[in-house]
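To start, the structure itself, in structure tokens.
The model shown is predicted, which means the values in this text are computed figures rather than measured ones. Below, chain A is the first sequence line, B the second, and so on; all start at residue 1.
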Amino acid sequence: MMDPKFLKPYSPQDTEPKIYKRYEESGFFSPETCVKEGITKPDAKPFTIMMPPPNVTGILHMGHGLMLTIEDILIRYKRMRGFRTLWLPGIDHAAIATQTKVEKDIQKTEKKTRHDLGREEFLKRIEKFADESHETIVSQIKTLGASCDWSREAYTLDEKRSLAVRTVFKKMYDDGLIYRGHRVVNWDPKGQTTVSDDEVSHEETKGKLYTFRYSKDFPIPIATTRPETKVGDTAVAVHPDDARYKEFIGKEFDISFVGVPLRIKIIADEEVDTEYGTGAVGVTPAHSMTDFEIAKRHNLPLKQVINEYAKMMVDTSELKDKKTKEAREIIVEQLKKEGLLEKEEEITINLSTADRSGGVIEPLPKLQWFVAVNKEFARPSGEKTTLKKIMRAAVESGAVKIIPNYFDKTYFHWIDKLGDWCISRQIWFGHRIPVWYDENGNTHHPKIIKVLLARHGESVAHTEHIIAGQLDSPLSKKGRVEAKELAKKLENSKITKIISSDLSRAEETARIVAESCGCKITTYKELREVDYGSLSKEKTVEGYSALRRKIDVNTGESLEELEKRAKNTLEIIKKETNSTEKLLVIGHRTFFSILDSTHKGLSNERFVEEREKWKMNTTEIKTLFFVSSPQEKNLTQDPDTLDTWFSSSLWTFSTLGWPEETEALKIYHPTDILETGYEIIFFWVARMIMMTGYVLGDVPFHTVYLHGTVRDDKGRKMSKSLGNGMDPMDIANEFGADAGRMALVVGNTPGTDTNISKQKIKGYKNFANKIWNASRFVLESIDTVGFDEKAELREEEKKRIEELQALSEDITKDIENYRFYLAAEKIYHYFWHTFADVIIEESKAMLKEGDEKARKSIVLCLYTILATTLKLLHPFMPFVTEEVWGSLPESALKTRGLLMVEEWPIE
RNA sequence: GCGCGCUUAGCUCAGUUGGUAGAGCAACCCGUUUACACCGGGUAGGUCGGGGGUUCAAGUCCCUCAGCGCGCACCA
């Protein structure tokens, strides 16, 4: 019988949370569970999307809603098509944005600055904020129906990602691709940090161009928009062919400019435009990037006259400590008074501001860390390349395809102009630069150690299905064969040293391997298997791990003791690898899992859970990476942190466990699609391509799908000041997440901005109700006529099903070609205006008056169409379709129970 | 300055390899004989920004002009 819930209008509020909970309980968001449950074939092709991690700064906006919708459509579609589908979620620490937000909050509530709190306390506050923010964001993502694998959730600042960051930093440093240097950088006086070129916006504003002479006895007039910087001039550049100034080239003048003594050299440089201004440029090496370049070419001294607070550093009573703006006025006044000002013109100039803080950028000379994008380096193959070439080649070769493709040009254009990437920030929140300095200013780096782990071969106890633990059970015959196999596998690994558990099964294995690679063995009792106490010698139980049993029975080593032993072992391993040793560790499965958990920084409460996830076969080799801070005395770590995009740029592989050679990395990388907004193509997309190309010699993804900005119904950007923002949570509450998703995706073409209105969303809420009621009609018909799966279809019904088949193919093609806007519209249109308005309407008469055969045929046809359209609609509107699916007659539901893992209508 | 995109019905936008225009919303008229008023049936509405070209055929390709939006760069 039809569920009476259909007698009421559809209620997304009651349905959606319930369905999501069922999804989470099913475990089907995890591809591994799908394989285990027989939903996905073990050899199925993988399909992977790494979720662009939302910033931990606050709550989600409509743009996130769009991102989640498009990605969920792709993921659900691929899952239904039988792919091994992974959608990995995560959160970004968003260094500057988050720090600024928390700083403001603290300033507001406590009237304190971060310096009042101190680095440690301030970071604690940020972490607390980030934790809360994280919780909100996760629950919001769930509300929107995202079917992502929460068991793999990553954070750009967690232990694993931190290891990836430090590993890459060191590798790039060793390759000469990361360097520390004195450069004129974009300084944000408001945010008190440097920012990269990409974080600076240029805005046209009115300004003045002043033409003047430094002093009466100086022969060449110059023009500038920033007279206050001119007290830092060390040269005047003219074009080498400029007849007006030729005679002065090479001469030096000692003059006094507004009371400041200057030594100005006249130099010739091709870059000077004779047409502009006076054809002579006052060169200010310390406060202009181009002048800095000129100064380098001509070996000019650099004279800093503006400080970090955008205040003057010169020693005259009029100018000292004055803000740049005031200094400008003072200088212009003085020039006028002395009759040195020749001209004052109104022009438009570009004002550079920092994206995040809005502060006016002050170019300052600073010692910072950079990524060299033009420097040649050798790949492992010996081939020479540069980071820029890697970025360019990925798209040029078609290895990475950008949708829409016209963004290729924007991408290449950006690469052409790209300079070295300043990656150090003077903020506290983020990955601290992994470099230490000693008293003499020498740099020291953490050591990245790669250690191989291998299990002993099968033991006699194993053969007998007995828990061995710290019992001494020798290798079985099979175990010795396995040890030899392991030795073979390690032949090319250049092992120089083996440490092993002192239990005989491990030691025997170690000896066999040592013989083949000719290296020494040291045994440690710290490496022994877990002590299972009274459980030793007992039979193993399938699906009930010895570790869990040990806890349940409360016998043997406690988790605290295990944690302590694991920590000691990690120290031993570090010590054993302190030179150039390549270390192999032979030990035991469960203790290795505990070692791994401890290494990841997990608390001992998670040992059991992690052990049950931990898989390690005999002869399998795992890797363990360590980053150890330099041990020398009196070292100070660099106080700066890394640009947040540095960690983001490793996202596709750091999320899969790199630098460990994980199984997941082999299966899911390169990922398939990167779906994100076009505004971060440079910040993120390009840098992921660069870093992945550098680290893995591969692309991070084969397709980039760029979506546009979500705007209000008048096409305006949503903003706080306009008050036209929409909260996706409000939308979900008022209309349902399904309706919000449809409204976001219909009419949304890649790369183009979309407008959204409550009216549009309401239309799709009505559509959800339409689905509900059409389903009710079909279920009622089944109730009255009965459902015969094998009923013979009449020609009329056959034709309708064929038509739907054609539509299914059409929609499939649209999704495959990333035309979600078309697919969504087509299925919407078919459901409402063909299925409901025509097919159902026309069936009514026959259902009443037709003969048995006709009625049976019609009911089967209605059911088939409903089931098929629910499948086609599911990626777009997961909740309502799932809810209806659950009410279809049991006899009709073939297998899986959840629509989410049903098969797509097209093969 | 360089580059990119947009300009199609009142509004928001589709129109995939060229075959003489579509959707949603809004408007107007009619309808309540139970799946749904969160509804049904129907009507009206566009010389596809202007100009030129290629073609049997152009919203679709080429050139050009204009308006709007965006990105990058920048001469002090």
Could you state the [atom1]-[atom2] distance from [X] to [N], rounded to the nearest angstrom?
{"X": "A:Phe407", "N": "B:G69", "atom1": "CZ", "atom2": "C1'", "answer": "12 Å"}
{"X": "A:Ile266", "N": "B:A76", "atom1": "CD1", "atom2": "C1'", "answer": "14 Å"}
{"X": "A:His413", "N": "B:A73", "atom1": "NE2", "atom2": "P", "answer": "9 Å"}
{"X": "A:Asn748", "N": "B:A23", "atom1": "CG", "atom2": "C1'", "answer": "15 Å"}
{"X": "A:Ile415", "N": "B:C2", "atom1": "CD1", "atom2": "P", "answer": "22 Å"}
{"X": "A:Lys813", "N": "B:U17", "atom1": "NZ", "atom2": "P", "answer": "14 Å"}
{"X": "A:Arg226", "N": "B:A76", "atom1": "CZ", "atom2": "P", "answer": "11 Å"}
{"X": "A:Asp837", "N": "B:A37", "atom1": "CG", "atom2": "P", "answer": "14 Å"}

*Please test A:Ser857 against A:Met846 for side-chain contact (heavy atoms from CB on, under 4.5 Å), starting from the C-alpha separation and ending with a verdict.*
CA-CA 10 Å; A:Ser857 171; A:Met846 281 303 274; over 6 Å; no
- Stepwise side-chain contact (heavy atoms from CB on, under 4.5 Å) test for A:Ile840 and A:Leu862: CA-CA 8 Å; A:Ile840 287 183; A:Leu862 291 178; 4.1 Å; yes
Give me the distance, rounded to whole Å, that separates [N] from [M] when you measure between the [atom1] atoms they each carry.
{"N": "B:G18", "M": "B:G1", "atom1": "P", "result": "34 Å"}
{"N": "B:G67", "M": "B:C29", "atom1": "C1'", "result": "39 Å"}
{"N": "B:A66", "M": "B:G24", "atom1": "P", "result": "38 Å"}
{"N": "B:C48", "M": "B:G59", "atom1": "C1'", "result": "5 Å"}
{"N": "B:G45", "M": "B:C6", "atom1": "P", "result": "29 Å"}
{"N": "B:G53", "M": "B:G41", "atom1": "C1'", "result": "47 Å"}
{"N": "B:A9", "M": "B:U47", "atom1": "C1'", "result": "14 Å"}
{"N": "B:G22", "M": "B:C4", "atom1": "C1'", "result": "27 Å"}

When A:Gly282 and A:Val200 are each assigned the nearest nucleotide of RNA chain B, the 5'-most assignment goes to A:Val200
Taking for A:Tyr10 and for A:Asp273 the nucleotide of RNA chain B with the nearest heavy atom, the one nearer the 5' end belongs to A:Tyr10
Measuring to OP1 and OP2 of [N], would you say a side-chain N or O of [X] lies under 4.0 angstrom away?
{"X": "A:Trp832", "N": "B:G40", "value": "yes"}
{"X": "A:Lys844", "N": "B:A35", "value": "yes"}
{"X": "A:His202", "N": "B:A73", "value": "yes"}
{"X": "A:Asn766", "N": "B:C39", "value": "yes"}
{"X": "A:His833", "N": "B:G24", "value": "yes"}
{"X": "A:Thr752", "N": "B:C6", "value": "no"}
{"X": "A:Lys770", "N": "B:G40", "value": "yes"}
{"X": "A:Tyr406", "N": "B:G5", "value": "no"}
{"X": "A:Tyr821", "N": "B:G15", "value": "yes"}
{"X": "A:Lys417", "N": "B:A73", "value": "no"}

Of A:Lys765, A:Lys762, A:Lys758, the one forming a salt bridge (charged side-chain N to carboxylate O under 4.0 Å, His left out) with A:Glu734 is A:Lys758
Scanning both residues in full, the closest heavy-atom pair of A:Ser808 with A:Ile906 reads CB-CD1, 3.6 Å
Note to self: Show me, range against range, the stems involving RNA chain B, built from at least 3 consecutive Watson-Crick or G-U pairs below 3.5 Å.
What the structure shows: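 Stems (3+ consecutive pairs) listed as B:1-7 with B:66-72, B:10-13 with B:22-25, B:27-31 with B:39-43, B:49-53 with B:61-65.
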Taking the side chain of [X] as its heavy atoms from C-beta onward, which of [options] lies nearest to it?
{"X": "A:Tyr828", "options": "B:A76, B:G24, B:G15", "value": "B:G24"}
{"X": "A:Val272", "options": "B:A76, B:G24, B:G71", "value": "B:A76"}
{"X": "A:Lys409", "options": "B:A76, B:G3, B:G71", "value": "B:G3"}
{"X": "A:Gln759", "options": "B:C25, B:U16, B:A35", "value": "B:C25"}
{"X": "A:Glu825", "options": "B:C72, B:C4, B:A23", "value": "B:A23"}
{"X": "A:Thr290", "options": "B:C38, B:A23, B:C75", "value": "B:C75"}

Are the aromatic rings of [X] and [Y] close, with centres under 6.0 Å apart?
{"X": "A:Tyr411", "Y": "A:Phe407", "value": "no"}
{"X": "A:Phe876", "Y": "A:Tyr77", "value": "no"}
{"X": "A:Tyr764", "Y": "A:Phe735", "value": "no"}

Please classify the nucleic acid contact of [X] as base, sugar-phosphate, or nothing, using heavy-atom distances under 4.0 Å.
{"X": "A:Phe682", "result": "sugar-phosphate"}
{"X": "A:Thr225", "result": "sugar-phosphate"}
{"X": "A:Arg776", "result": "sugar-phosphate"}
{"X": "A:Ala768", "result": "nothing"}
{"X": "A:Thr284", "result": "nothing"}
{"X": "A:Ile840", "result": "base"}

| A:Asp233 and A:Tyr214: side-chain donor and acceptor closer than 3.5 Å? | yes
**Asked** Between the side chains of A:Asn186 and A:Asp197, is a donor N or O closer than 3.5 angstrom to an acceptor N or O?
**Response**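 Side-chain D/A pair, A:Asn186 to A:Asp197: present.
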Side-chain donor/acceptor of [X] to backbone N/O of [Y], under 3.5 Å:
{"X": "A:Glu199", "Y": "A:Arg356", "answer": "no"}
{"X": "A:Glu362", "Y": "A:Ile306", "answer": "no"}
{"X": "A:Thr194", "Y": "A:Trp187", "answer": "no"}

Show the numbers, then the answer: is there a side-chain contact (heavy atoms from CB on, under 4.5 Å) between A:Tyr210 and A:Leu341?
CA-CA 7 Å; A:Tyr210 305 92; A:Leu341 189 66; 4.0 Å; yes
| message | Looking at the base of B:A35, is there any donor atom on it, or on the side chain of A:Glu841, that sits under 3.5 Å from an acceptor on the other one? | response |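 Answer is yes: a donor-acceptor pair is held.
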Could you list the protein-to-nucleotides 7-12 of chain B atom pairs, N/O on both sides, closer than 3.5 Å?
residue : atom : partner  : partner atom : Å
B:U12   : O3'  : A:Asn755 : ND2          : 2.9

